[in-house]
2 protein chains.
Amino acid sequence: MPASQQAHDLRMTLWELLTQHTLRPGDRLPSERQLLEHLNTTRITLREALSQLEAEGRIYRESRRGWFLSPPRLRYDLLAGLPFHEMVESQRRRAATELLEAHETAASATVARRLGMAEGTPVYRIVRARSIDGRRVLYVEHHLRVDCFPDILAFDLAACSLTELYRREYAIRVSRVSFELGSTGLGHRAASALHAAPGSPVQRITRINHDQNGRMVDCDDEYWRHDAIELTLSAAPQS
Amino acid sequence: MPASQQAHDLRMTLWELLTQHTLRPGDRLPSERQLLEHLNTTRITLREALSQLEAEGRIYRESRRGWFLSPPRLRYDLLAGLPFHEMVESQRRRAATELLEAHETAASATVARRLGMAEGTPVYRIVRARSIDGRRVLYVEHHLRVDCFPDILAFDLAACSLTELYRREYAIRVSRVSFELGSTGLGHRAASALHAAPGSPVQRITRINHDQNGRMVDCDDEYWRHDAIELTLSAAPQS
DNA sequence: CAAGCAAACTGAACTAGACCAAGAAACCCT
DNA sequence: AGGGTTTCTTGGTCTAGTTCAGTTTGCTTG
């Protein structure tokens, strides 16, 4: 039997072991050492197989806490413009937001380029971690133009959607969005916020919001646990 | 020094070693055993570090052939509606397409659902592998409605864009597209077409094309090497 | 000179352990 | 009952090798 066949077998055996084990989405898997007792292999090989299941999005891990069965992916319609909490709850899941940072700072070169301003111009920086059904799945860094949203830091930024605030308190509607999407590895700041191992695969979504006058008003960098979402989108192509 | 620090150090040391080594994008790295001579660690640890650089998209591997420095990502505008070859060449890269399969078959449940037909209805199945600058980066499976595109298999499907064929030969314009995006692991069919290890991280793009009458005419599943692309998109949100 | 074959190299996969530090749980004392 | 401390479990990382199979390369032969 070729070696790669064995790896494939191990993955299948492991998967059967897990699914027949009457595990439900979000449940913790037995410990690596316990799994070994049923699998006749070594820890490193087992971890390799677990990592592959992780890459496929069937299981995930929380750093030093264990492996878990992945819940179904959240469907995220990029153009629906739905706030996070509404999007999550419309799919019968429970949403939560935690505020990690909120202060004024100087725009980095990247942020400045995106917002069409000079490097070092003051911006509001808001960093949040968001959960679905108690699991941290999203780490977001927002950067807002200070001149568009004066004193926005005074509001309750954990409870309320930013776009909602824009509309209600500042009469700014997001009328155009630009996205950049890609998959990379987690930086260790985002990793620790998501209880994930640094370098684990992540879906990055960078977003720039334009208001009704075409002005770029804010941008954000979203890092999603890659097994937690499926992006959807429907539109007319330009050509 | 904590263990994770060492892992991080190794990654940095390795990265410095590579960049100062005057490697250019697409170049092959020294063999794992050669790298070990400079790094004072073991093979497994080294491979762990290489895998992390791979997850970040800085290097990639071709199965049993070695590790390579990643070229810059191709920017893929989802709504531009540009054929692959034009998109690639407009970014001064060289495009190539290889036809892997082209035949009539029965629609699977998934394909049937997407195209709004009954399972088992005949469809054309076209499978292609596409390269940028000689590197296989994309594996695509197309499924076309037979009634929309009779005898399309007679055309040269490697040389020509499908949407171009639709328009020129069948007077069908793609006037609406629906996407589903996510990141998963490579299945071993796609993996071997891309010379990649099965289970390596991949950006999946599923696309359903609608014609000018709103009819779903074809769908495709694209599997991109995750370090090869950055998706972009600009549109007005619906709310 | 070209084609075919064999050897060397290289990544893929695996074995069989070990130590450490972060979490979780149990425990104890106040 | 509550808060803090200790203990135990668990994942994270590492050592030091081996075996196997696909690629590449170079040599030989017709």
Side-chain angles (χ1 to χ4, degrees), chain A residues 1-14 27-55 59-69 134-136 185-186 188 191-200, chain B residues 1-14 27-55 59-69 134-136 185-186 188 191-200:
Chain A
M1 183 192 298
S4 65
Q5 188 59 43
Q6 190 168 341
H8 184 259
D9 281 358
L10 176 58
R11 211 164 65 234
M12 296 308 290
T13 309
L14 181 55
D27 280 359
R28 176 146 177 260
L29 273 57
S31 81
E32 296 179 359
R33 289 169 174 88
Q34 272 177 282
L35 286 171
L36 274 184
E37 291 168 15
H38 302 265
L39 286 173
N40 189 37
T41 181
T42 61
R43 189 118 169 275
I44 287 203
T45 309
L46 169 63
R47 279 171 66 78
E48 196 71 27
L50 288 167
S51 296
Q52 290 218 9
L53 291 177
E54 182 191 32
I59 63 177
Y60 67 98
R61 65 176 139 175
E62 299 209 346
S63 190
R64 292 189 178 276
R65 212 172 299 188
W67 298 86
F68 301 81
L69 206 59
R135 174 189 175 202
R136 291 274 183 92
L186 271 180
H188 72 292
S192 75
L194 297 184
H195 305 308
S200 28
Chain B
M1 180 190 300
S4 64
Q5 189 58 41
Q6 190 170 341
H8 184 258
D9 281 358
L10 176 57
R11 211 164 67 233
M12 297 308 289
T13 310
L14 182 56
D27 280 358
R28 175 145 179 261
L29 272 57
S31 80
E32 295 179 2
R33 288 169 176 87
Q34 270 176 284
L35 286 171
L36 274 184
E37 292 168 16
H38 302 265
L39 286 174
N40 189 36
T41 181
T42 60
R43 193 92 181 290
I44 286 202
T45 309
L46 169 63
R47 278 169 69 78
E48 198 69 28
L50 287 167
S51 295
Q52 289 218 11
L53 290 178
E54 181 190 33
I59 63 176
Y60 66 96
R61 64 177 139 174
E62 299 209 344
S63 189
R64 293 185 182 280
R65 210 173 298 189
W67 297 87
F68 301 81
L69 207 59
R135 173 189 175 204
R136 291 274 183 92
L186 270 179
H188 73 291
S192 73
L194 297 184
H195 305 307
S200 29

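Atom set for the values below is all heavy atoms of this structure, side chains included, hydrogens, waters and symmetry mates excluded. This is a predicted model, so every value here is computed, not measured. In the text below, chain A, chain B and the rest are named by the order of the sequence lines, each starting its count at 1.
- Under the rule for a side chain to side chain donor-acceptor pair (under 3.5 Å), the partners of A:T45 that lie at least two apart in sequence or sit in another chain are A:T42.
- In this structure, A:L36 places its CG atom 14 Å from P of D:dG12, rounding to the nearest Å.
- Look at B:T41 and you'll find a side-chain N or O under 4.0 angstrom from OP1 or OP2 of D:dT15.
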Are any protein N/O atoms closer than 3.5 Å to N/O atoms in nucleotides 4-10 of chain D? If there are, list each pair with its distance.
from	atom 1	to	atom 2	distance (Å)
D:dT10	O3'	A:R28	NH2	3.4

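- Between the CZ atom of B:R47 and the C1' atom of D:dT13 there is a distance of 16 Å, rounded to whole Å.
- Put simply, OH on A:Y60 is 16 Å from C1' on D:dG11, counting in whole angstrom units.
- Between the P atom of D:dT24 and the NE2 atom of B:H195 lies a distance of 9 Å, rounded to the nearest Å.
- At least one cation-pi condition fails for B:R135 and B:F68: the charged atom is not both under 6.0 angstrom from the six-membered ring centre and inside a 45 degree cone around its axis.
- Whole-Å rounding puts the A:E48 CD to D:dG12 C1' distance at 14 Å.
- When the side-chain nitrogen and oxygen atoms of A:T45 are compared with OP1 and OP2 of C:dT15, one or more of them lie within a distance under 4.0 Å.
- B:L46 has its CG atom 15 Å from the C1' atom of C:dA13, to the nearest Å.
- A straight line from CD1 of B:I44 to C1' of D:dT13 spans 11 Å, rounded to a whole angstrom.
- Every residue two or more places apart in sequence or in another chain was checked for a side chain to side chain donor-acceptor pair (under 3.5 Å) with A:T13, and none qualifies.
- A search for salt bridge (Lys or Arg N to Asp or Glu O under 4.0 Å) contacts involving A:R33 returns nothing, not counting sequence neighbours.
- For A:R43, the salt bridge (Lys or Arg N to Asp or Glu O under 4.0 Å) criterion is met by A:E32, not counting sequence neighbours.
- Residues passing the side-chain contact (heavy atoms from CB on, under 4.5 Å) test with A:H195 are A:E62, A:R65, A:R136, sequence neighbours excluded.
- As rounded to whole Å, 11 Å separates atom C1' of D:dT23 from atom CZ of B:F68.
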